[in-house]
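These notes concern the structure reproduced below.
Letters go in sequence order (proteins before strands), and every chain restarts at 1.
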Amino acid sequence: MKLSTNWLKEYIDLPVNNLEDGNKLAEQIGLTSSEVEEVSTVVPLSTNLVVAQVESVSAVPESDHLKLTSVTDGVQSYQVVTGAPNVQAGQVVVFAKPGATLFDGKEIKTATLAGIESNGMIVSLQEIGFTDSIAPKKHEDGIYVFPADADVVLGQDAMVALGANDIIVETSLTANRADMLSYLGNAYEFGAMLDLPTKKPAIDINESETMTDSLISVDIDGSIAPNYNLRIIQNVTVKESPLWLQRRLWSSGIRPINNIVDVTNYAMLLFGQPLHAFDYDTLTAKKIRVALSKNETLITLDDQERQLKEDENIVVYDDQKPLMLAGVMGGKDSEVTTNTTNIVLESAVFDSVLVRKAAQRFNLHSEASQRFERGINYDDIISALNFGAELIAELGDGQITKGIISQSVKTENNHEVEVTLGQINQYLGTDLSLEIVESVFKRLQFGFSLNDSTFLVDVPARTWDITLPVDLIEEVIRIYGYDKIKATLPQQIDAQAGLNKKQKLMRQVNAILRGTGLSQAITYSLKAKDNAQYFVPTPKATIELDYPMSEDRSVLRQSVLTSLYEAIKYNSARGQKDVRLFEIGDVFAYEDQKVEETTHLAGIVLPGESLNWKTHKNTFDFYDAKGIVENLFTQLAMPVEFAPAEINQMHPGRTAEISINDQVIGFVGQIHPSVTKADKINTAFAFELNLDAIIDLYENTVDYKPITKFPEMTRDLSLTVPKEVTQSQIQEAIDSLELEALQSMELFDIYNDEAYTYRLTFSDNVNALISENVDTLVDVIKNILIKKLGVEIR
Amino acid sequence: MANSLENSLNEAVPNGTIIEKVNQVKTDVFDIAPGLSIKGLDELRVEALGKKGVITSILKSLKDVPADQRKEVGAAANLVRNEIEALLDSRKSELEIEELNAQLEAEKLDVTRPGTQIKTGTKHVLQQIQDQIEDLFVSQGYQVVYGNEIETDEYNFERMNLPKDHPARDMQDTFYINPELLLRTQTSAMQARMMDVHDFETGPLKMISPGVVYRRDDDDATHSHQFHQVEGLVVGKNVTMADLKGTLLSLFENLFGKGHAMRFRPSYFPFTEPSIEVDVSWNIVDDTTKPEDIKWIEVLGAGMVHPNVLSMSGIDPQKYSGFAFGLGPDRFAMIKYGIDDIRNFYLDDVRFLEQFRQVNE
């Protein structure tokens with residue numbers, strides 16, 4: 001809320017006279033009440049602007065729009081040529097004297113216009129920094145003219161006359177500070193903060209003999225308008241508001257319109273209670289009805305036709321037609337215009353949820369709606385109505401009729417909340433005394449009684465959301481000061497403290513993959529519909545957002561690779577070669593109509609030429625990718641098996657699925673050449689593993705075997721292998737022999753894709769190996785390979 | 001050279017005494033040795049001192065020396081023999097040193113050429129910060145829980161004291177999947193899940209929950225529809241706001257180093273009361289720092305767990321109290337390293353990723 005400190009000073013003696021004071025206050029507000037957006041003057045200041053009067057206006061020969069004027073600041077007259085269409089003799093205006101510097105740096109000098117010397121400039125509000133959102137509409141096409149009865153004198157600094165030098169503190173309020181959406185609420189708040197007394201505006205009401213209930217009747221649905229009140233002011237003149245009122249409005253960021261609308265805004269700013277003025281004479285059957293909407297249209301004050309839906313919004317009707325989208329914006333039909341003479345003034349409470357929905361649906365977040373949404377101070381509903389009616393009557397020369405028409409199912413005045421000193425200190429970890437807590441409640445102007453160390457606090461309606469002891473504790477500490485809390489640590493530990501198995505393994509996997517040259521990436525989980533299922537062996541039903549922001553981010557991914565693939569494309573497009581990434585992240589799908597979220601681990605390599613003189617000849621291929629995966633499982637001490645597999649977006653002849661104990665947990669391979677080619681990137685390799693499955697299968701045990709005391713023996717075995725025979729068949733054939741002495745078998749050379757050489761290592765824990773026996777074992781191996789697989793021994 | 005010593009001996013002192021003979025051998029060895037290679041020296045040694053060498057055969061004739069002189073002659077002859085051996089040894093080791101030096105010279109490398117590249121990867125900077133935070137809180141007796149990114153409206157909002165029409169829901173625009181399911185907007189969703197299952201008989205619940213969260217934000221330099229949060233929650237007997245303060249101080253000391261000031265400002269979250277925003281000073285602050293010279297940066301939101309949140313998990317707010325905080329590793333990393341675009345974290349340009357190699361002290 002934009003707060004004029006000049007206006008606030010009517011209710012609290014704020015020590016603010018310049019921007020520096022304002023900033024100091026803002027600092028304190030920030031630590032006690034609310035964030036402060038900005039401290040500023042109403043508009044950026046200009047210099048050498050004075051209040052002046054136009055003495056005479058005459059035509060400029062040879063110009064159809066320029067006029068020659070004489071302007072006086074009360075001391076001397078200035079000859080000024082102006083293009084202002086609305087200039088007239090006798091007007092009191094804002095005059096930039098020669099030598100003036102406007103807010104935007106523009107300097108005003110003596111100039112010659114149409115051959116005539118012009119000394120200074122009569123300015124519009126826009127020319128001195130007023131934005132259209134606060135400058136009165138009345139003067140939008142020309143120079144600003146002070147109202148006839150303005151409290152200004154010639155020669156006076158025009159910045160002061162316009163109140164433009166007022167220090168404005170703009171707060172940015174959280175949803176719980178409904179009380180700080182009014183000047184009075186802010187006065188209470190700052191009074192508590194600064195320990196200063198506050199004043200309230202005086203409200204007298206002078207009523208005529210005419211009975212209000214003879215002029216109008218109401219029919220209110222109390223479930224949507226729990227408190228509803230009307231007054232009628234007759235025989236008013238609608239006109240421009242006096243300058244003092246306009247100043248307060250534009251200082252608070254509100255544009256002056258006319259004396260009736262301005263008063264409703266003024267009372268709203270003062271009390272936080274939105275008021276609405278209807279033109280009485282537009283009402284059919286002189287009846288006000290508040291009900292839920294039907295399927296109908298309403299033209300609101302901003303000239304927009306609003307399509308209302310059955311039972312969705314609160315609407316104020318007359319006997320027949322909708323008058324207003326209640327709590328949000330008034331209707332065009334009953335708008336107060338210059339022809340209006342009789343006013344119906346409404347002060348009500350509308351259901352906050354319905355108002356919020358209407359504001360959202362029509363994107364009409366008005367000053368009124370935000371106050372209804374956050375909650376109304378029930379204490380000031382009638383005060384605001386009486387204050388507004390009285391001011392309308394005064395400024396519009398009208399009469400207030402006798403009595404308020406009210407229909408209220410709910411009144412919410414002060415309420416009591418109990419809190420003990422022990423609770424306060426226990427909750428905050430403080431050692432506050434009774435006196436300190438008492439002084440805070442006094443500063444907040446909360447009534448209370450004290451019984452031993454129990455406070456029974458009489459919480460005023462303006463802070464209606466203080467209902468629990470902890471709410472009072474918050475009030476105590478924010479006024480007393482958060483900086484006075486000392487720092488301690490919770491003493492006990494959680495019985496489950498520490499990282500769990502999954503978390504430890506995730507860290508381990510991260511370290512292993514980094515060791516094999518992959519960097520950790522973090523990518524977006526939301527993908528486009530067409531690629532959310534890329535690299536998924538068996539795609540499932542996709543999980544889609546109800547209302548996505550863009551097609552590209554509308555579906556949750558079913559593989560991590562689909563995101564990592566984006567990352568290598570991104571890198572490749574930016575000239576990066578040799579990109580090696582991995583990610584541990586979640587994938588999402590419907591399984592039997594239930595949401596399934598699984599943690600996966602994926603890696604991707606876009607190989608590039610190494611520029612190291614020792615290694616640049618090595619090219620990364622399928623077996624390097626497989627080696628990364630094998631190394632991972634070696635480090636985890638988990639035996640895995642590889643088998644050929646066909647997987648979407650993967651090369652059909654260069655992809656292997658990976659299993660542990662016959663359970664498939666992922667795949668490794670080359671990305672399908674047609675995929676990489678379409679994206680104009682080089683051959684790339686990838687793997688994706690179900691990390692949750694791996695973690696389930698992982699057992700943190702070491703099966704220790706003593707090291708043999710006897711020397712090992714090795715034999716090299718060279719085979720010519722038929723094309724259709726795979727390495728895993730050779731492995732399986734040898735494994736099937738279950739030779740206890742065969743410790744390991746390394747494939748250490750392949751020549752011409754058919755001549756394999758293995759190094760077999762034998763050892764025995766019990767006896768020293770005898771060379772002849774080892775040879776016999778090798779013969780057994782040879783025999784089975786020849787017989788089963790048709791390999792030749794070389 | 002074979003038998004050269006013996007030839008020389010026969011030539012020079014055919015009938016010499018034992019001493020004359022060994023001295024002759026010595027003279028010959030001293031003459032020949034300097035010109036020989038290591039191999040030649042070894043051969044000469046065999047010829048002179050070997051089992052069948054000349055000295056050995058000369059000494060065999062000791063038995064012919066009269067018994068009263070035999071000891072003296074023997075000692076003198078052995079002395080000469082030792083001199084020969086010493087010469088051969090020293091000459092050989094000289095040659096070995098020369099040979100080694102020549103080899104080392106030949107093996108000289110340009111040690112300034114780059115070493116063999118062993119490519120290793122980097123941990124994502126956000127993971128580094130997350131791990132650092134996890135380690136700190138594990139050391140303070142917290143458990144770490146991750147939770148799912150797809151959450152129910154109930155746990156994400158309602159159990160956090162944010163009923164369906166609560167105005168604060170505007171603060172975090174949500175990606176809904178259907179009216180009940182959504183992408184979690186906050187890791188706070190894990191609060192209620194953990195409070196539901198924790199056995200308070202065993203002591204307090206102390207947890208942090210790091211993870212990915214989502215909001216309906218257009219991606220730009222400071223907004224991302226996907227980012228990270230670490231939620232912290234402690235619920236137990238006598239947990240106070242002072243405990244919250246101490247905990248956050250230890251966190252900031254861990255993340256930013258010692259000497260930074262911290263302050264609380266009032267704020268509002270429906271699931272805490274009181275709620276605060278926490279600022280940390282960008283600069284190091286001591287007793288001499290003027291208040292106006294402190295540059296504050298907003299780093300996290302926190303507060304005391306709202307009694308409604310406790311009650312909804314069946315925890316008696318009269319008996320238990322707690323604090324909660326939520327911080328954003330993305331923002332921390334941006335502040336710490338001066339990263340000006342949050343999208344860097346998710347686009348994974350290797351030139352970005354590979355800069356973050358340092359180990360946290």
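- Scanning all heavy atoms of the two residues, the minimum distance from E597(A) to E149(B) falls at OE2-N, 2.7 Å.
- Residue P266(B) comes nearest to G30(A) through the heavy atom pair CD-O, 3.4 Å, listed as atom of the first residue, atom of the second, then distance.
- Interface summary for chain B: among L526(A), D546(A), T516(A), T174(A), the most heavy-atom pairs under 4.5 angstrom belong to D546(A).
- Residue contact with chain B, scored on non-hydrogen atoms closer than 4.5 Å, is absent for P469(A).
- For chain A, the nearby parts of L205(B) are the backbone and the side chain; heavy atoms of each come within less than 4.5 Å.
- The part of F323(B) that comes within reach of chain A is its side chain, from C-beta onward, which places non-hydrogen atoms under 4.5 angstrom from that chain.
- With a 4.5 Å cut-off on non-hydrogen atoms, L182(B) does not touch chain A at all.
- Using a 4.5 Å cut-off between heavy atoms, L249(B) contacts chain A through its side chain alone, with no backbone atom that close.
- Proximity to chain A (any heavy atom under 4.5 Å) is shown, for T247(B), by both the backbone and the side chain.
- Taking chain A as the reference chain and counting heavy-atom pairs below 4.5 Å, the highest number among S267(B), P204(B), P307(B) is found for P204(B).
- Residues Q423(A) and Q318(B) approach most closely at NE2-OE1, 4.4 Å, considering heavy atoms.
- Q140(B) touches chain A through backbone and side chain together, each having a heavy atom under 4.5 Å away.
- Of all heavy-atom pairs between Q496(A) and Q143(B), the closest is O-CB, 3.3 Å.
- With a 4.5 Å cut-off on non-hydrogen atoms, D219(B) touches chain A through its side chain but not through its backbone.
- F345(B) touches chain A through its backbone: at least one of N, CA, C or O sits under 4.5 Å from a heavy atom, while the side chain does not.
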Next item on the list: Could you go through the salt bridge (charged side-chain N to carboxylate O under 4.0 Å, His left out) check for D135(B) and R507(A) one step at a time?
Entry: CA-CA 12 Å; D135(B) 290 344; R507(A) 287 197 182 196; 2.8 Å; yes
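- The minimum heavy-atom distance linking P274(B) with I477(A) is given by the pair CG-CG2, 4.3 Å.
- With a 4.5 angstrom heavy-atom cutoff, L183(B) touches chain A only via side-chain atoms.
- Of all heavy-atom pairs between R351(B) and R574(A), the closest is NH2-CB, 3.6 Å.
- With a threshold of 4.5 angstrom between heavy atoms, V278(B) does not approach chain A through any atom at all.
- Per-residue counts of heavy-atom pairs under 4.5 Å with chain A were compared for M207(B), Q127(B), Q226(B); the largest is that of Q226(B).
- Side-chain contact between R553(A) and H225(B) is present, with heavy atoms from C-beta onward closer than 4.5 Å.
- Inspection of the D349(B) and Q576(A) side chains reveals no N or O donor paired with an N or O acceptor under 3.5 Å.
- Options N308(B), D218(B), I118(B), L181(B) differ in how many heavy-atom pairs under 4.5 Å they form with chain A, and the most are formed by D218(B).
- Donor-acceptor pairing under 3.5 Å is recorded for the side chains of S525(A) and Y214(B).
- For S275(B), the part lying under 4.5 angstrom from a heavy atom of chain A is the backbone only.
- For V125(B), no part lies under 4.5 angstrom from a heavy atom of chain A.
- Only the backbone of V239(B) has a heavy atom closer than 4.5 Å to any heavy atom of chain A.
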